[in-house]
Amino acid sequence: FVYENNNAYYFDNLGHQKFLSLLKLSNFMIGNSSAGLSEMPYFRKPTINIGERQDGRIKPKSVLDCKPIHKDIKKTIKSALNKKFIMKLKSQKYHLGYFGASNKIYQIISSINFKKNKQYKRFIDL
């Protein structure tokens, strides 16, 4: 496909930072990767999720499911590029949390006096 299409590219591995930068610059993501359900919604951009691999996972409104059939994929691409759909995503809240969560978790855990609080499970070394 890449050899036949001069607007297509193949990357063996981008690394995390370049991958996220590419998502930010993309119009949408297509495939069956979990990144389409976790990372791409952060940028408020569409994901075209092909097939059933991600069934049972939380899917924000930016994720459009389709069958692995050419006709269905083509139809879903048109939906992902629909200006009204894209505008709706601008107000989408990120469903997996926000920056700073690790600090909040650390503050809560570090404030617990584990020696005084006996609600934790005791382990007995056999």
Side-chain angles (χ1 to χ4, degrees):
F1 182 84
V2 174
Y3 292 120
E4 295 173 6
N5 296 275
N6 62 359
N7 65 342
Y9 302 92
Y10 171 81
F11 300 97
D12 203 32
N13 188 330
L14 290 171
H16 193 69
Q17 187 171 2
K18 287 180 184 174
F19 176 70
L20 293 176
S21 296
L22 183 61
L23 293 185
K24 186 177 181 179
L25 295 171
S26 300
N27 292 324
F28 62 87
M29 175 187 259
I30 187 168
N32 63 13
S33 170
S34 60
L37 279 65
S38 55
E39 282 87 355
M40 195 60 155
Y42 177 80
F43 297 105
R44 295 181 173 100
K45 295 188 179 187
T47 295
I48 298 169
N49 180 54
I50 302 174
E52 301 173 356
R53 183 169 181 252
Q54 302 302 330
D55 284 358
R57 298 192 63 197
I58 295 172
K59 294 179 189 171
K61 63 184 175 182
S62 61
V63 177
L64 302 170
D65 289 318
C66 71
K67 296 176 184 168
I69 300 168
H70 183 267
K71 183 179 174 182
D72 199 28
I73 294 169
K74 195 171 180 178
K75 178 181 152 194
T76 309
I77 289 172
K78 285 182 183 179
S79 297
L81 295 174
N82 179 284
K83 289 183 182 182
K84 285 184 182 180
F85 178 71
I86 293 168
M87 289 307 293
K88 281 184 187 179
L89 300 183
K90 300 295 178 195
S91 64
Q92 174 177 273
K93 291 187 178 186
Y94 186 59
H95 67 296
L96 295 178
Y98 291 94
F99 181 78
S102 60
N103 270 344
K104 290 178 185 177
I105 293 167
Y106 173 77
Q107 288 172 0
I108 291 168
I109 291 174
S110 64
S111 71
I112 298 170
N113 183 344
F114 287 100
K115 290 180 181 176
K116 184 178 177 184
N117 186 342
K118 299 290 184 186
Q119 294 180 358
Y120 61 89
K121 179 171 174 48
R122 289 183 347 143
F123 290 92
I124 300 170
D125 193 4
L126 298 176

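- Atoms CG and NZ, from N82 and K84 in turn, are 7.5 Å apart once rounded to the nearest 0.5 Å.
- The side-chain heavy atoms of I77 and F28, taken from C-beta on, include a pair separated by under 4.5 Å.
- Proximity of N49 to L64: side-chain heavy atoms (C-beta onward) are nowhere separated by under 4.5 Å.
- Note on F19 and Y94: same hydrophobic cluster, where clusters join Ile, Leu, Val, Met, Phe, Trp and Tyr whose side-chain heavy atoms are under 4.5 Å apart, directly or indirectly.
- Under the salt bridge (charged side-chain N to carboxylate O under 4.0 Å, His left out) criterion, K59 pairs with D55, D65, sequence neighbours left out.
- Judged as a side-chain contact (heavy atoms from CB on, under 4.5 Å), and not counting sequence neighbours, the contacts of S33 are A35.
- In this structure, F43 is a member of the same hydrophobic cluster as L22, with clusters built from ILVMFWY side-chain heavy atoms closer than 4.5 Å.
- Scored by the salt bridge (charged side-chain N to carboxylate O under 4.0 Å, His left out) test, D72 finds no partners at all (sequence neighbours excluded).
- Within the 4.5 Å cutoff, no side-chain heavy atoms of Q92 are placed close to those of K88.
- The side-chain heavy atoms of L37 and I58, taken from C-beta on, include no pair separated by under 4.5 Å.
- The number of heavy atoms from other shown groups lying within 6.0 Å of OH (Y3) does not exceed 12.
- Residues F11 and M40 are members of one and the same hydrophobic cluster, defined by side-chain heavy-atom contacts under 4.5 angstrom among Ile, Leu, Val, Met, Phe, Trp and Tyr.
- One finds the OG atom of S79 at 13.5 Å from the NZ atom of K74 (value rounded to the nearest 0.5 Å).
- A side chain to side chain contact (heavy atoms under 4.5 Å, CB included) with K61 holds for exactly one of P46, S91, P41; it is S91.
- In terms of heavy atoms, G36 sits closest to T47 at O-OG1, 2.7 Å.
- Both Y42 and L14 belong to a common hydrophobic cluster when Ile, Leu, Val, Met, Phe, Trp and Tyr are linked at side-chain heavy-atom distances under 4.5 angstrom.
- I30 has its side chain within reach of I73: a pair of non-hydrogen atoms, C-beta onward, lies under 4.5 Å apart.
- A 4.5 Å side-chain heavy-atom check between K45 and S62 finds every atom pair outside the cut-off.
- Looking at heavy atoms from C-beta onward, E39 lies in side-chain contact with L20 at the 4.5 angstrom threshold.
- Heavy-atom minimum distance, L23 versus M29: CD2-CE, 3.3 Å.
- Remark: K18 NZ to L25 CG distance equals 13.0 Å, nearest 0.5 Å.
- Closest approach of D12 and Y10 over heavy atoms only: OD1-OH, 3.1 Å.
- A donor-acceptor pair under 3.5 Å is absent between the side-chain atoms of N5 and the main chain of A8, judged by distance alone.
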